[in-house]
Amino acid sequence: MSFLHGPAPWDVRRLPRAEGKNFLVTGGNAGIGYFVAEQLAGTGATVVLACRDTAKAEAARVSIRTRVPGARVRHIRLDLADLSSLKACTDGLALERLDAVVCNAGVLFDDPPRRESGDGNELMFATNHLGHFALISWLAPLLAAAPAGRVVTTGSFTAKSESLDLDDLQSMRGYRPKRTYVRSKLAQMLFGFELDRRLRAAGSTTLSVVTHPGGALDSLTPSRPPVRVRTVGERLRGLPAGLLLQSKEAPPGPPSGPSSTRPYAAASSGGLGCSGSAACPPSNPSEVTWPTPYWRRACGPRPPT
C-alpha cells in the first residue's frame, strides 16, 4: 500500500527548512506579524521586520532570538503611510534577492475624527492598502532576483461585510472608522487576488496569496516578553472564547484545503517566485502597470515614482 509511504503531514511546528532564503514581514513587531516572523526565523531563513516603531521592532528581534537561538533576524524602519519612505526601506534591506514579502501591517482606529497621512490620504486606507500596494513596486527587483517569490497578504473576514465605494475611496463622506478599516482590508485583498490573476494569465511562477488569520485573540496568545505579556486575568477571561477561536501563535491548519489561513504557511511552503514576466511589477517602479485610474482616485494624479 503505497499511501503508507507518502509525504508526512504538513506541520506548522516543523516548517520546511529555508536556509538562504529572505523574508520580509511588515508589522512584524506585534500580533500575528510577530509570530509569522518567529516561526519563519525557525526555518533558518533571514527574516527582516519592517516596522514603523524601531524600539518595538528591536524588542521583537530580541524576543525572537531568545526563542530561536541563532536566528537571522533584523529590522528596518517602514512607515507604510509615508509613500516617500518606501524606497528608503527597500534600499536599506541590502539584499540581493527577496523570496517572500508578508503584507501584514495594519491599523484600526476605533473613534473619529478622520485622520490623514502626510500625503493627504485617509490614514487607515493609506497604511493598510496603499502603502503595501506601492511597496510591492519597489520590492519588484528583489523578488525578480529570487528563483521564486511570493507576495502574501493578510486578509480579514470582515471584508465580507462591505463593498468599495470607488467614488469615495478616501472616506470623505459619512466617515465611520470601522467601515473605513473594513474597506481598506477589502482593497488590500482585492489587490492580492488581482495580482495573482495577472501573474497566472502571464504564466508566471509568482504566487500572490491572500490568507485568513482566523479568529485570533490576544487573550489566547502566549506571552512574548518584552513584546507583550499576557496577564492571568486575560488568560482566564479568554478561556470561553478558546472553544471557537485561537491564539495569534497557533495556526488553524496546513497550507492546503479550507483551513489554509496563516501567513507563515503561505510564505514558507511551495515555490516562491517573480518570474520577471510582464505581469510582475518591473524593476523600474515608474514603469509599473498599476491600474492608473484607480490610483488617481485613491491617492493622487500618478503612481509612485
Side-chain angles (χ1 to χ4, degrees), residues 12-80 85-105 132 135-154 205-209 211 224 227 249 251 255 262-276 280-281 283:
V12 72
R13 302 194 185 280
R14 291 180 175 83
L15 293 177
R17 300 301 298 172
E19 286 88 352
K21 291 188 177 182
N22 301 311
F23 298 124
L24 177 69
V25 182
T26 69
N29 61 287
I32 290 174
Y34 169 85
F35 288 102
V36 170
E38 180 183 283
Q39 296 203 18
L40 289 176
T43 68
T46 295
V47 180
V48 182
L49 314 177
C51 312
R52 184 177 65 251
D53 189 319
T54 55
K56 291 181 179 179
E58 174 61 14
R61 187 193 71 84
V62 170
S63 177
I64 292 172
R65 287 184 60 84
T66 298
R67 301 189 65 86
V68 184
R72 299 179 179 90
V73 58
R74 58 187 177 91
H75 59 82
I76 191 168
R77 189 178 185 279
L78 171 66
D79 184 353
L80 287 164
S85 78
L86 304 182
K87 184 178 185 300
C89 171
T90 303
D91 292 342
L93 288 175
L95 296 173
E96 295 182 356
R97 56 179 256 195
L98 184 65
D99 294 276
V101 53
V102 180
C103 299
N104 166 81
H132 285 118
L135 179 64
I136 301 305
S137 163
W138 290 109
L139 293 175
L142 297 179
L143 289 166
R150 186 171 291 184
V151 177
V152 182
T153 297
T154 302
T205 59
T206 303
L207 291 179
S208 172
V209 181
T211 68
R224 287 294 189 271
V227 175
E249 181 263 351
R262 281 305 170 92
Y264 34 77
S268 66
S269 61
L272 313 172
C274 191
S275 68
C280 259
S283 58

What are the two closest non-hydrogen atoms of [X] and [Y], and how far apart are they?
| X | Y | answer |
| --- | --- | --- |
| Arg150 | Leu207 | NH2-CD1, 3.1 Å |
| Val47 | Ala37 | CG1-CB, 3.9 Å |
| Ala50 | Leu78 | CB-CD2, 3.6 Å |

Return yes if some donor-acceptor pair links the side-chain N/O of [X] with the main-chain N/O of [Y] below 3.5 Å, else return no.
| X | Y | answer |
| --- | --- | --- |
| Asn22 | Asp99 | no |
| Arg65 | Arg72 | no |
| Ser63 | Val227 | no |
| Thr54 | Arg77 | no |
| Thr90 | Leu86 | yes |

For a 4.5 angstrom cut-off between non-hydrogen side-chain atoms, does Leu49 reach Asn29?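 No, their side chains stay 4.5 Å or more apart.
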
Kindly indicate whether the side chain of Cys103, heavy atoms from C-beta on, has any atom under 4.5 Å from the side chain of Ile136.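 Result yes, sub-4.5 Å side-chain heavy-atom pair found.
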
Roughly how far apart are [X] [atom1] and [Y] [atom2], rounded to 0.5 Å?
| X | Y | atom1 | atom2 | value |
| --- | --- | --- | --- | --- |
| Arg67 | Phe35 | CZ | CZ | 8.0 Å |
| Arg61 | Thr66 | CZ | OG1 | 9.0 Å |
| Asp79 | Cys51 | CG | SG | 11.5 Å |
| Leu93 | Arg74 | CG | CZ | 6.0 Å |
| Thr46 | Leu95 | OG1 | CG | 7.5 Å |
| Ile32 | Asn104 | CD1 | CG | 6.5 Å |

More than 12 heavy atoms of other residues, nucleotides or ligands under 6.0 Å from CZ of Arg97: is that the case?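 It does: Arg97 CZ has more than 12 such atoms within range.
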
Around Glu96, counting heavy atoms of other residues, nucleotides and ligands shown, do more than 12 lie under 6.0 Å from its CD?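 Count not over threshold, so no.
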
Among Leu135, Val102, Thr154, find the one that has a side chain to side chain contact (heavy atoms under 4.5 Å, CB included) with Thr26.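 Running side chain to side chain contact (heavy atoms under 4.5 Å, CB included) over Leu135, Val102, Thr154 with Thr26 returns exactly one hit, Leu135.
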
Examine the side chains of Thr153 and His132 and answer whether a donor and an acceptor come within less than 3.5 Å of each other.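 Absent: no donor and acceptor within the cut-off.
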
Residues two or more places apart in sequence or in another chain: which of them pass side chain to side chain contact (heavy atoms under 4.5 Å, CB included) with Ala59?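 With sequence neighbours excluded, Ala59 shows a side chain to side chain contact (heavy atoms under 4.5 Å, CB included) to Pro226, given in chain and number order.
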
